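One structure is given below, encoded as structure tokens.
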Amino acid sequence: MYTAPRGTIDILPEDQPYWHMLRNEIARVTEQFGYQRIDVPCFEETSLYVRGVGEGTDIVDKEMYSFQDKGGRDITLRPEFTAGIMRAYLEHGMRTLPQPVKLYTMGPIFRYERVQAGRYRQHTQFDVECIGEQDPAVDLEVMSLAWQLYANLGFHGLSFQLNSTGCPKCRPGYIAQLVAYYQGHVDEICDDCKRRLQRNPLRLLDCKNEGCQPIIAAAPHTSDHLCPECADHLGTLRGYLDVLERPYTINHRLVRGLDYYTKTVFEVWAEGIGAQNAVCGGGRYDGLAEQLGGQPTPGIGFGSGMERLVLTMKEQGLPAPTQPAPQVVLVYLGAPAKTAALVVLHGLLNRGIRAQIGFGDRSIKAQLRNANRLGARYVLIIGEQELSEGVAVLNDLSGEQPERRLALDGAVAALAALL
RNA sequence: GUGGGCGUAGCCGAGUGGCUAAGGCAUCUGGUUGUGGCCCAGAAGACCGUGGGUUCGAAUCCCACCGCUCACCCCA
């Protein structure tokens, strides 16, 4: 027996109401904020991600689905959206459009990781990118869009985390200070942190090992070592957030594994979906366009994991409207009646009525049982005797109305009037 | 890559060495050769994850592998 590949899931009909609702709210909020849909390929040249996301990051070093196609090209299934969207922005000369260019997309993302609750090898992301403007008010807008979406969905208890990781001017100085600080505590930190100290010092800040916590607590804060430009950016953004009374937490330990992030970095956390509690992560990437060979172009965006959002919707008991039940189910007995029933069925469908019919020539009893199971309001029964009399029996399954007979050739019109 | 938990029908789940492997949900059939829900009767559905070992005898004990799951790492 085949099973879905590890790290992939089937989204069954019973879960689709949640997805439907989520997509509806996304369509609503993106339209409201004036973001336009873009769709980029599910795979790109491998080097786009290597240059965009950055060597030394976990994504590039060990999580990409990379392969050579039959033409010998190095290809990678997209492990994130931003690099591909920036590529499209540059390729199609979008700098000639009014700036900033406000884009969103949705689709599958692939990362070769060990699976756990809320983490998959193929997951679906809702992604927003605002490219071409460095104004902190853009940061506010992008964050607000996320806020608005989660509010529309009815989420509660979400926590918004904010930090700034500086820019190429001030980050190296901060990292040097952080490294110097940690070198004074080498014997007190865990083995993982000793490794981080060499490879990716920023990650020292989000170690969860208990012994490392006091060291982290006393470590220098990124936000205290920003250059004037970055400090001003963060200060202005915080001012906007405060005026709008957006609740958020400054999280000095919030850092990013991807190289292209500058200045603003933020996440949204949800409770109750396991250790993978980030439902949204993003930030500013003013250096990305240049890394991809384009003109310097600022940008900010976020990705939001839709499977995690659905998990959160379920966890919080949010109602999702289910697909409506059929209004009428046709029931027949015998081949001539079946033909007549099919004529009525398609007459109803042409009028936009949700009508269905049972297949396989089962007994009346079985057909009625099925109609009941489908939650149908009415059944229209055509048997041998009815057919010979040119009528059909309309039965209200809710029991509110007594059974009645309709002329077969007027049945469609009569039902259309009734419904 | 590392560690914990778990694998009995589509789903839930009893059974922890010994007759043809419980039960429930769901499915199908019947209870008036034409009326659903409730009820009753019946049917179908499992090589007990796979392979090996111990034993007179294994779903049950041992080993290996595979799969699922949770956590670390990292991220959405």
Side-chain angles (χ1 to χ4, degrees), chain A residues 1-9 12 14 53 56-63 78-82 106-128 146 190-193 195-196 199-200 202-203 206-209 254-258 265-270 273-283 301-312 329 331-334 337 358 360 362-387 392-399 403:
Chain A
M1 268 276 269
Y2 284 110
T3 55
R6 176 175 289 183
T8 66
I9 56 166
L12 300 175
E14 63 194 49
V53 177
T57 61
D58 277 13
I59 289 182
V60 169
D61 287 356
K62 51 187 200 193
E63 295 178 358
R78 65 183 176 209
E80 57 114 44
F81 270 117
T82 306
M106 227 183 294
I109 291 293
F110 306 88
R111 289 181 202 170
Y112 189 83
E113 299 184 272
R114 280 298 289 265
V115 175
Q116 69 186 279
R119 197 176 75 186
Y120 311 96
R121 289 183 174 178
Q122 176 183 332
H123 76 276
T124 315
Q125 245 179 65
F126 163 54
D127 183 87
V128 165
C190 69
D191 290 343
D192 280 338
C193 279
R195 198 166 41 79
R196 292 188 184 100
R199 275 192 60 213
N200 199 343
L202 277 183
R203 297 236 69 96
D206 62 358
C207 177
K208 294 180 184 78
N209 192 303
L254 185 60
V255 295
R256 294 268 89 142
L258 316 190
V265 47
F266 66 94
E267 284 184 4
V268 181
W269 295 351
I273 59 172
Q276 313 304 314
N277 65 341
V279 294
C280 173
F302 67 81
S304 192
M306 293 175 69
E307 285 80 1
R308 289 184 189 177
L309 292 176
V310 167
L311 284 174
T312 305
V329 169
V331 171
Y332 59 88
L333 188 69
R362 279 199 258 275
S363 67
I364 294 274
K365 182 191 187 111
Q367 291 184 62
L368 281 166
R369 203 177 358 238
N370 187 241
N372 196 62
R373 190 79 199 278
L374 291 169
R377 174 67 196 272
Y378 294 101
V379 289
L380 189 69
I381 304 168
I382 307 173
E384 287 160 348
Q385 198 177 334
E386 284 81 3
L387 188 63
V393 174
L394 181 66
N395 200 333
D396 179 356
L397 289 184
S398 70
E403 191 172 283

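So you know, we letter chains A, B, ... as the sequences are listed, proteins then strands, and number each from 1. Note that the coordinates shown come from a computational prediction; the quantities given were computed from them, not determined experimentally.
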Nearest whole Å is fine: how far is [N] [atom2] from [X] [atom1]?
{"X": "A:E113", "N": "B:G1", "atom1": "CD", "atom2": "C1'", "result": "13 Å"}
{"X": "A:L380", "N": "B:U35", "atom1": "CG", "atom2": "C1'", "result": "13 Å"}
{"X": "A:D58", "N": "B:C75", "atom1": "CG", "atom2": "C1'", "result": "9 Å"}
{"X": "A:E403", "N": "B:G36", "atom1": "CD", "atom2": "P", "result": "11 Å"}
{"X": "A:R111", "N": "B:C75", "atom1": "CZ", "atom2": "P", "result": "8 Å"}

(message) On RNA chain B, does the nearest nucleotide to A:R362 precede the nearest nucleotide to A:C280 from the 5' side, or the other way round? Give the residue.
(response)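 Nearest nucleotide further toward 5': that of A:R362.
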Determine the interatomic distance between [atom1] on [N] and the same-named atom on [M]; round to the nearest Å.
{"N": "B:A46", "M": "B:A59", "atom1": "C1'", "result": "11 Å"}
{"N": "B:U16", "M": "B:C6", "atom1": "C1'", "result": "16 Å"}
{"N": "B:A43", "M": "B:G1", "atom1": "P", "result": "50 Å"}
{"N": "B:G13", "M": "B:G24", "atom1": "C1'", "result": "8 Å"}

(message) To the closest 0.5 Å, what do you measure between CD (A:Q125) and CD (A:E307)?
(response)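 Interatomic distance, A:Q125 CD to A:E307 CD, rounded to 0.5 Å: 9.0 Å.
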(request) To the nearest 0.5 angstrom, please state how far the OH atom of A:Y120 sits from the CD1 atom of A:I109. (result)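 The distance works out to 15.5 Å.
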I'd like to know if the side chain of [X] reaches the main chain of [Y], judged simply by a donor and an acceptor atom lying under 3.5 Å from each other, with no hydrogens or angles considered.
{"X": "A:R121", "Y": "A:R111", "result": "no"}
{"X": "A:R78", "Y": "A:P108", "result": "yes"}
{"X": "A:Q367", "Y": "A:Y332", "result": "yes"}

Between the protein and nucleotides 68-72 of chain B, list every N/O to N/O distance that falls short of 3.5 Å.
{"unit_1": "B:C68", "atom_1": "OP2", "unit_2": "A:R6", "atom_2": "NE", "d": "2.7"}
{"unit_1": "B:C68", "atom_1": "OP2", "unit_2": "A:R6", "atom_2": "NH2", "d": "2.8"}
{"unit_1": "B:C70", "atom_1": "OP2", "unit_2": "A:A117", "atom_2": "N", "d": "3.2"}
{"unit_1": "B:A71", "atom_1": "OP1", "unit_2": "A:A275", "atom_2": "N", "d": "2.9"}
{"unit_1": "B:A71", "atom_1": "OP2", "unit_2": "A:Q116", "atom_2": "OE1", "d": "3.2"}
{"unit_1": "B:A71", "atom_1": "OP2", "unit_2": "A:A117", "atom_2": "N", "d": "3.3"}
{"unit_1": "B:C72", "atom_1": "OP2", "unit_2": "A:Q116", "atom_2": "OE1", "d": "3.3"}

Protein and nucleotides 32-34 of chain B: nitrogen or oxygen contacts under 3.5 angstrom:
{"unit_1": "B:G34", "atom_1": "O6", "unit_2": "A:Q385", "atom_2": "N", "d": "2.5"}
{"unit_1": "B:G34", "atom_1": "O6", "unit_2": "A:E386", "atom_2": "OE1", "d": "3.3"}
{"unit_1": "B:G34", "atom_1": "N1", "unit_2": "A:E386", "atom_2": "OE1", "d": "2.1"}
{"unit_1": "B:G34", "atom_1": "N1", "unit_2": "A:E386", "atom_2": "OE2", "d": "2.8"}
{"unit_1": "B:G34", "atom_1": "N2", "unit_2": "A:E386", "atom_2": "OE1", "d": "2.8"}
{"unit_1": "B:G34", "atom_1": "N2", "unit_2": "A:E386", "atom_2": "OE2", "d": "2.2"}

(request) Please examine the side chains of A:Y112 and A:P79, heavy atoms only from C-beta on, and report whether any two atoms are closer than 4.5 Å. (result)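 They are not in contact (no side-chain heavy atoms under 4.5 Å apart), so the answer is no.
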For [X], report the nucleic acid contact type (base, sugar-phosphate, nothing); a contact means any heavy atom under 4.0 Å.
{"X": "A:T124", "value": "nothing"}
{"X": "A:A376", "value": "nothing"}
{"X": "A:F126", "value": "nothing"}
{"X": "A:A278", "value": "sugar-phosphate"}

(message) In this structure, which stretches of RNA chain B are paired as stems of three or more consecutive Watson-Crick or G-U pairs, both distances less than 3.5 Å?
(response)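 Looking at RNA chain B, the stems formed by three or more consecutive pairs are B:1-7 with B:66-72, B:10-12 with B:23-25, B:27-31 with B:39-43, B:49-53 with B:61-65.
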(request) Return yes if the base of B:G36 and the side-chain atoms of A:N372 contain a donor-acceptor N/O pair under 3.5 Å, otherwise no. (result)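 Side chain to base: pair present.
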Which atom pairs link the protein and nucleotides 38-41 of chain B when you take only N or O atoms and keep those under 3.5 Å?
none

Report each atom pair, protein N/O against N/O of nucleotides 24-27 of chain B, whose distance is under 3.5 angstrom.
{"unit_1": "B:A26", "atom_1": "O3'", "unit_2": "A:R373", "atom_2": "NH1", "d": "2.8"}
{"unit_1": "B:U27", "atom_1": "OP1", "unit_2": "A:R373", "atom_2": "NH1", "d": "2.1"}

May I have the list of side-chain donor-acceptor pairs in residues 371-379 of chain A shorter than 3.5 Å, sequence neighbours left out?
{"unit_1": "A:R377", "atom_1": "NE", "unit_2": "A:D396", "atom_2": "OD1", "d": "3.0"}
{"unit_1": "A:R377", "atom_1": "NE", "unit_2": "A:S398", "atom_2": "OG", "d": "3.4"}
{"unit_1": "A:R377", "atom_1": "NH2", "unit_2": "A:D396", "atom_2": "OD2", "d": "3.1"}
{"unit_1": "A:Y378", "atom_1": "OH", "unit_2": "A:Q401", "atom_2": "NE2", "d": "3.4"}

